[in-house]
*Asks:* 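Before we start, here is the structure in question, set down as structure tokens.
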Amino acid sequence: MKSAKFICNVAAAFTVALAAFSVQAVEPTQEVRKYANYYYAYPYPEKQLPKLTPAPKGYEPFHLEHYGRHGSRWHIGEWVYRQPIDLLRPAERNGKLTERGKQLMAQLRLTEKQSRKKSGELTSLGARQHRGIARRITQNFPEIFKGDARVDAKSTEVIRCILSMDNELQELAAYNPKLRITSDASASTMYYLNYEDTTANRLAYSPEAKAEAKRVKKAFPKDLSFVDLIISDPQFAADSIDVKELESALMRIATNSQSLDEPTPVWDLISETGLINHAHRGDIDWFLRYGETDLTKGSGPMRARYLLRNFIESADTSILRPDPSANMRFGHDVVVVPITTLMDLNGYGRKVNDLTELDSFWHLYDITPMAANVQIVFYRPKGKKYTADDVLVKVLLNEKEVTLPAKAVSGPYYRWTDLRKVYLDRLGDERYPENTADY
């Protein structure tokens with residue numbers, strides 16, 4: 001892999017900044033930042049999006065089904081920001097920190113202070129991400145949001161998801177104040193917005209799955225060389241510091257720091273190899289939870305079965321209405337990934353039993369960065385009566401057109417009835433959880 005250029009020669013800049021106790025952010029390029037995987041801050045519009053394929057002649061968009069992950073957030077659990085400080089305290093007490101180690105402690109303490117009482121909360125960047133997504137949706141599909149079009153939005157009960165929804169809806173309302181917008185965040189919709197599948201969880205952590213993950217991860221070891229940059233005594237580090245745990249702690253800080261307005265400048269301590277290997281290990285773990293594999297009896301993608309059925313039923317009740325509409329949902333990465341595999345977007349539903357194959361196609365940074373989203377866009381013939389058989393559909397994953405598991409009509413456009421049958425066959429007879437049935 002082509003070596004990425006890290007910002008390494010910054011010791012003097014750090015010294016000046018810290019002397020004034022004003023920590024300056026040191027961030028790598030987008031190409032390197034992506035290896036943060038599910039902590040990857042949504043890269044658009046900074047990274048240019050591909051142009052969308054025009055609709056087939058005589059067709060126009062009129063309906064949207066959507067699921068979006070919350071935007072960039074603080075870490076879940078204030079302990080994440082305290083842990084690296086605690087791990088380095090023995091070296092600090094015993095005078096074993098290098099100058100860079102002392103700078104690191106100051107940087108970590110500053111971020112820890114800023115993080116207090118913000119566990120899991122949406123950052124200002126996360127809010128901006130969702131406003132940008134909503135703005136581009138209206139630019140790409142203005143026909144869906146014209147006149148008094150209906151927009152119905154649902155969120156999980158988690159505040160970062162509610163605020164993500166609110167930011168998108170505010171942007172839509174600013175675009176067209178006549179929109180009929182409704183929104184809700186209720187336990188009653190959690191069964192499809194964020195279903196907790198205990199059977200799939202058990203299979204993902206079965207002895208067989210864990211053994212395969214351990215085997216493959218051996219090819220992607222942690223890079224512990226950073227410790228020489230921050231601790232002056234190698235023997236002390238070996239005897240008194242849990243270096244592997246410290247690597248994990250600093251990796252968590254580094255990878256999510258791009259979601260903060262004041263990133264913790266620790267990237268100079270993270271090698272390219274260490275970051276890439278970290279991404280590979282994460283891909284392996286997430287694939288076992290949400291990918292298509294016999295190791296978990298195919299349970300991973302089926303975690304999203306209730307969401308896919310909700311997509312289909314919501315579309316069926318909307319596509320024959322004369323007025324345009326959108327059904328929008330806001331939740332989490334643990335839903336974006338299995339709905340991507342269940343719908344087989346861009347081949348992500350491919351079955352893999354040898355996890356060494358994953359690097360050829362499975363990358364979390366492509367599937368679920370912060371603010372990840374799936375947009376199912378429906379098209380109908382302009383100005384004439386139509387049936388469900390006339391409706392075409394295309395899907396965007398993170399605003400990029402994807403292939404689907406059916407025969408395309410033209411480019412990324414598929415007949416809805418064809419795609420609907422593929423998905424219903426995949427879902428089988430199972431409907432919804434028992435507690436949603438009529439009493």
*Asks:* Ion pair present between R289 and D285, side-chain N to carboxylate O less than 4.0 angstrom?
*Replies:* no

*Asks:* Output all residues satisfying side chain to side chain donor-acceptor pair (under 3.5 Å) with Y40, sequence neighbours left out; order by chain, then residue number.
*Replies:*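 By the side chain to side chain donor-acceptor pair (under 3.5 Å) rule, Y40 matches Q30.
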
*Asks:* Are side-chain N/O atoms of D261 and S124 paired as donor and acceptor at under 3.5 Å?
*Replies:* yes

*Asks:* Among pairs that include at least one residue of residues 372-381, which meet salt bridge (Lys or Arg N to Asp or Glu O under 4.0 Å), considering only residues two or more places apart or in two chains?
*Replies:* none

*Asks:* Kindly indicate, with the supporting measurements, whether the criterion salt bridge (Lys or Arg N to Asp or Glu O under 4.0 Å) is fulfilled by D294 and K351.
*Replies:* CA-CA 8 Å; D294 291 334; K351 180 185 287 188; 3.1 Å; yes

*Asks:* If a pair satisfies salt bridge (Lys or Arg N to Asp or Glu O under 4.0 Å) and one of its residues is in residues 296-316, list it, with sequence neighbours excluded.
*Replies:*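 Non-adjacent pairs meeting salt bridge (Lys or Arg N to Asp or Glu O under 4.0 Å): D197-R305, R305-E430, E313-R431, D316-R420.
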
*Asks:* Does anything in residues 317-330 pair up under salt bridge (Lys or Arg N to Asp or Glu O under 4.0 Å), and if so which pairs, sequence neighbours excluded?
*Replies:* E65-R329, R180-D323

*Asks:* Walk me through whether Y35 and H280 qualify under ring-ring contact (aromatic ring centres under 6.0 Å, His included).
*Replies:* CA-CA 9 Å; Y35 294 113; H280 285 316; 7.7 Å; no

*Asks:* Is it true that the NZ or CZ of R350 lies under 6.0 Å from the centre of F361's six-membered ring and within 45 degrees of the ring axis?
*Replies:*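 Cation-pi check for R350 and F361: passes.
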
*Asks:* Does the side chain of D283 pick up a donor-acceptor pair with the side chain of N37 at under 3.5 Å?
*Replies:* yes

*Asks:* Can you sort out the partners of S72 under side chain to side chain donor-acceptor pair (under 3.5 Å), two or more places apart, ordered by chain and number?
*Replies:* Q129, S259

*Asks:* Under the 3.5 angstrom rule, does the side chain of N167 hit a backbone N or O of R131 as a donor-acceptor pair?
*Replies:* no

*Asks:* Can you tell me which residue pairs pass the side-chain hydrogen bond (donor to acceptor under 3.5 Å, both in side chains) test with a partner in residues 46-59, sequence neighbours excluded?
*Replies:*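 Pairs touching residues 46-59 that pass the test: T53-E401.
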
*Asks:* Below 4.0 angstrom, N of the basic side chain to O of the carboxylate: do K154 and D152 qualify?
*Replies:* yes

*Asks:* Establish, from distance only, whether the side-chain atoms of N353 and E212 form a donor-acceptor pair under 3.5 Å.
*Replies:* no

